[in-house]
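A quick write-up on the structure given underneath.
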Amino acid sequence: MDSINELSYWYNLLLTYFVIGITWLFEHFRDFAWIVRVAAISLTVSAILIIISIFRIISNSIRRNKWRKTEKKLSDRYGEALDYILSPESDNNMGRDRILEVLDIDPNQADPRKLLKDKREKMCMARLIYRTRISEEAQVKDSRNVQVLLRIFGIADFLEEMVLKDKQHRKVEALLMLRAFKVPTNQWIANQLINAKRHRVTRMAMYSSIMTNSNTDLQYFESEFFANHFCMYDEIQLGFVLQRRLSARRKIPNLAHWATIQNDPAAQAMFVRMMRQFNQKEYCFELEDLFNHSSPGELIEEIARTWGYLGYTEGEQLMSEMLLTQADDTKVAIMHALTRLNTGNSLEALVDGYKNSGSQHVKFEALRCIYLYGEKGREKFEQLRATATDRDSFYFNFFENELTLKEIPLEKTARYHSRYGDNLFSVA
């Protein structure tokens, strides 16, 4: 309350002086023309704003410089020790005494209030541990050393306090660190922010809850917030938390279910892509209704890619039947999926895609898929080459040119078509 009263006092004082200044200007220029009075007040206010801006620029510069100095001091003092403690070469359960020895800290002085004096030092140390932890995370799993470090420096309690009391951008940063450190109280802290005013804070709290709690928390994807505020950031966060659940040997939910209940095609496509990442072939059959019911082309492309990568042969006939009715980019995605399945049953569908398309991009990709479709595909490719018209012969010439496109995997096609566009004749 003391800090609030102090802020209120200074605010009222500044407001009083501002009103006095404006009143003095009116009185001083009372006998002048109104345009002179307006100009004098405008210049005065502009000068005040410029002075305030300069003051803020200087103060921000001084503040940033203090933060840099503090971070450099801590990095010079503990940087190498942290690198070793959190590295793959160290024992992941070194213990408190051994860690204090590596940090060159006297056990009698190992009090967080003595090691880190103020908020700035605590925040800089938290960032230092966080960056070191993230850089080694791919190689170090379930390291207990992180938790010991947090207790030695009192970082966990500090971050929890920031989440509850600090500014919004600090809340997000603190919650991100708590989640990365796997602090046990993470769930309780996340629940404090689920109804935050800022969407980013709410979203971060939701995904922290998903990572640390049971499958029932995935009902977030049925919530009005997710439906109204879905964005690319959701895909990044979902991939992160599901990967963490997987590394902790916790169940990955049925992502096809979440794809089918969404109304936003972009959100549906996100869950379908995640199915590829987490190898959920057993749920591919749930996507058939989405594929078959006039879904947007982008969603059909993602479903086709997922079926192709996961080897879902049960969807091959459905893709073959719908191939010629789709837009060009969707046709290419379906043909790539049929080629990855390579069961021997879709060669004629690929030939139809080649013969019945007027797009150079589609015709050329159809040829590539035919060529890569095993021995029968090579035979069909040679038959098409032998009977090609003068116009179609350009496709085969381009296929055999110095780029050796016949040896490039299907995943690399975008590079060449983004370069040449839909004008293959110009480079044949």
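Reckoned from all heavy atoms, side chains included, excluding hydrogens, waters and symmetry mates.
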Pairs meeting criterion salt bridge (Lys or Arg N to Asp or Glu O under 4.0 Å) with involvement of residues 262-271, two or more places apart: none
His257: partners by ring-ring contact (aromatic ring centres under 6.0 Å, His included), with sequence neighbours left out: none
Spacing of Gln237 atom CD and Leu242 atom CG [to the nearest 0.5 Å]: 11.0 Å
Listed partners of Asp76 passing salt bridge (Lys or Arg N to Asp or Glu O under 4.0 Å), at least two apart: Lys72
Gln383 side chain vs Arg378 backbone, donor-acceptor pair below 3.5 Å: no
Main-chain N/O of Ile57 paired to Ser61 side chain as donor or acceptor, under 3.5 Å: no
Step-by-step ring pair (Phe, Tyr, Trp, His ring centres under 6.0 Å) determination, Phe221 to Phe271: CA-CA 10 Å; Phe221 299 121; Phe271 287 108; 5.2 Å; yes
Gap separating the CE atom of Met274 from the CD1 atom of Ile252, nearest 0.5 angstrom: 10.5 Å
ring-ring contact (aromatic ring centres under 6.0 Å, His included) partners of Tyr373, counting only residues at least two apart: none
Nearest heavy-atom neighbours spanning Leu372 and Asn342: O-ND2, 4.0 Å
Lys73 and Glu121: CA distance, side-chain angles, deciding distance, salt bridge (Lys or Arg N to Asp or Glu O under 4.0 Å) verdict: CA-CA 9 Å; Lys73 181 184 73 172; Glu121 288 193 355; 2.7 Å; yes
Salt bridge (Lys or Arg N to Asp or Glu O under 4.0 Å) partners of residues 302-315, not counting sequence neighbours, each pair once: Arg273-Glu302, Arg276-Glu302, Glu301-Arg305, Glu302-Arg305
Heavy-atom closest pair, residues Gly377 and Leu347: CA-CD1, 4.0 Å
Residues in side-chain contact (heavy atoms from CB on, under 4.5 Å) contact with Arg127, at least two apart in sequence or another chain: Trp67, Met123, Arg131, Arg170, Glu173, Met177
Nearest atoms (heavy-atom pairs only) where Trp307 meets Cys284: NE1-O, 3.4 Å
Check against side chain to side chain contact (heavy atoms under 4.5 Å, CB included), Glu286 and Asn254: CA-CA 10 Å; Glu286 297 186 29; Asn254 176 4; 2.9 Å; yes
Which atom of Met162 lies closest to which atom of Ala174, heavy atoms considered: CB-CB, 3.9 Å
Partners meeting side chain to side chain donor-acceptor pair (under 3.5 Å) with Glu282 (sequence neighbours left out): none
Test side-chain contact (heavy atoms from CB on, under 4.5 Å) applied to Arg151 - qualifying residues, sequence neighbours left out: Gln147, Val148
Check: Lys66 main-chain N/O paired with Thr70 side-chain donor or acceptor under 3.5 Å: yes
Set of ring-ring contact (aromatic ring centres under 6.0 Å, His included) partners for Phe381, sequence neighbours left out: Tyr371, Phe396, Phe399
Residue list, salt bridge (Lys or Arg N to Asp or Glu O under 4.0 Å) with Glu80, at least two apart or on another chain: none
Exam field: side chain Ser346 to backbone Ala349, donor-acceptor pair closer than 3.5 Å: no
Least distance between heavy atoms, Gly95 atom then Asn145 atom: N-OD1, 4.5 Å
Evaluation steps, ring pair (Phe, Tyr, Trp, His ring centres under 6.0 Å), between Phe153 and Tyr78: CA-CA 12 Å; Phe153 292 105; Tyr78 300 111; 5.3 Å; yes
Donor-acceptor under 3.5 Å (Lys331 side chain, Leu323 main chain): no
Asn228 side chain to Glu224 backbone, donor-acceptor under 3.5 Å: yes
Separation between CG of Leu128 and OG of Ser75, rounded to the nearest 0.5 Å: 5.5 Å
Partner residues of Arg77 under the side-chain contact (heavy atoms from CB on, under 4.5 Å) criterion, sequence neighbours left out: Asp104, Ile105
Expected output: side-chain Glu365 to main-chain Val332 donor-acceptor under 3.5 Å: no
Residue pair Lys376, Glu379: steps toward the salt bridge (Lys or Arg N to Asp or Glu O under 4.0 Å) verdict: CA-CA 5 Å; Lys376 292 184 178 180; Glu379 293 176 4; over 6 Å; no
Rounded distance (nearest 0.5 Å) linking atom CG of Leu74 with atom NZ of Lys122: 12.5 Å
Asn292 side chain vs Asp289 backbone, donor-acceptor pair below 3.5 Å: no
Results of side-chain contact (heavy atoms from CB on, under 4.5 Å) for Ile51 - residues two or more places apart only: none
Close side-chain approach of Ile152 to Leu100, heavy-atom, < 4.5 Å: yes
